[in-house]
Amino acid sequence: MRYPKAVLFDLYDTLTYDDRRLYEEKVNTCARICNVLPEEFAAAWKSLVVESNLGKFPKTEDRVRAVLKKLG
């Protein structure tokens, strides 16, 4: 019997679902704490998606530190 070498899953909006309203509330709260515009915080967060998905940030705290560094 041959077994597959890999199995791919579509994570976002298939295995998990992000509530857009809750996401925006989180962005607004984080932006307020960082004293930046929500758009600035969101852009910094999103700019690290690839690195995050590749495991560069083992913990959420690591990604938050990287976002804060980007925001100065």
Side-chain angles (χ1 to χ4, degrees):
M1 173 180 258
R2 289 185 57 180
Y3 294 98
K5 292 183 180 182
V7 177
L8 301 177
F9 292 95
D10 179 14
L11 179 62
Y12 299 107
D13 293 330
T14 301
L15 296 176
T16 66
Y17 171 74
D18 285 333
D19 183 319
R20 191 72 189 154
R21 184 184 51 80
L22 290 176
Y23 174 78
E24 289 174 3
E25 286 177 18
K26 290 177 194 177
V27 167
N28 290 336
T29 299
C30 291
R32 188 177 65 251
I33 291 168
C34 295
N35 199 32
V36 298
L37 295 173
E39 298 81 16
E40 292 174 299
F41 185 89
W45 184 265
K46 289 177 184 178
S47 74
L48 299 170
V49 167
V50 172
E51 291 96 332
S52 183
N53 287 345
L54 292 174
K56 182 176 179 183
F57 309 114
K59 298 178 182 176
T60 302
E61 292 89 351
D62 300 324
R63 187 169 175 183
V64 169
R65 283 187 195 94
V67 167
L68 293 173
K69 186 176 180 179
K70 280 186 170 282
L71 293 172

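Only this structure's heavy atoms are used, side chains among them; waters, hydrogens and symmetry mates stay out. All values derive from a computational prediction rather than experimental measurement. Starting from 1, each residue takes its place in the sequence as its number.
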Just how far is it from atom CG of D19 to atom CD of E24, taken to the nearest 0.5 Å? 9.0 Å
If hydrophobic clusters are built from ILVMFWY residues whose side chains come within less than 4.5 Å, do V7 and L11 share one? yes
What's the separation between atom CG in L68 and atom CZ in F41, rounded to the nearest 0.5 Å? 7.0 Å
CZ-OG1 distance between F9 and T16, expressed to the nearest 0.5 angstrom: 13.0 Å
Between R65 and E61, does at least one N-O distance fall below 4.0 Å, as a salt bridge requires? no
Hey, does the side chain of S52 reach the backbone of V49 with a donor-acceptor pair shorter than 3.5 angstrom? no
Under a 4.5 Å side-chain heavy-atom rule over Ile, Leu, Val, Met, Phe, Trp and Tyr, are V64 and L37 clustered together? no
Any chance you could measure W45, atom CH2, to K70, atom NZ, to the nearest 0.5 Å? 13.0 Å
Quick one: pull up CG in D18 and NZ in K26 and give me the separation to the nearest 0.5 Å. 7.5 Å
Report the distance from atom NZ of K46 to atom CD of E39, rounding to the nearest 0.5 Å. 10.0 Å
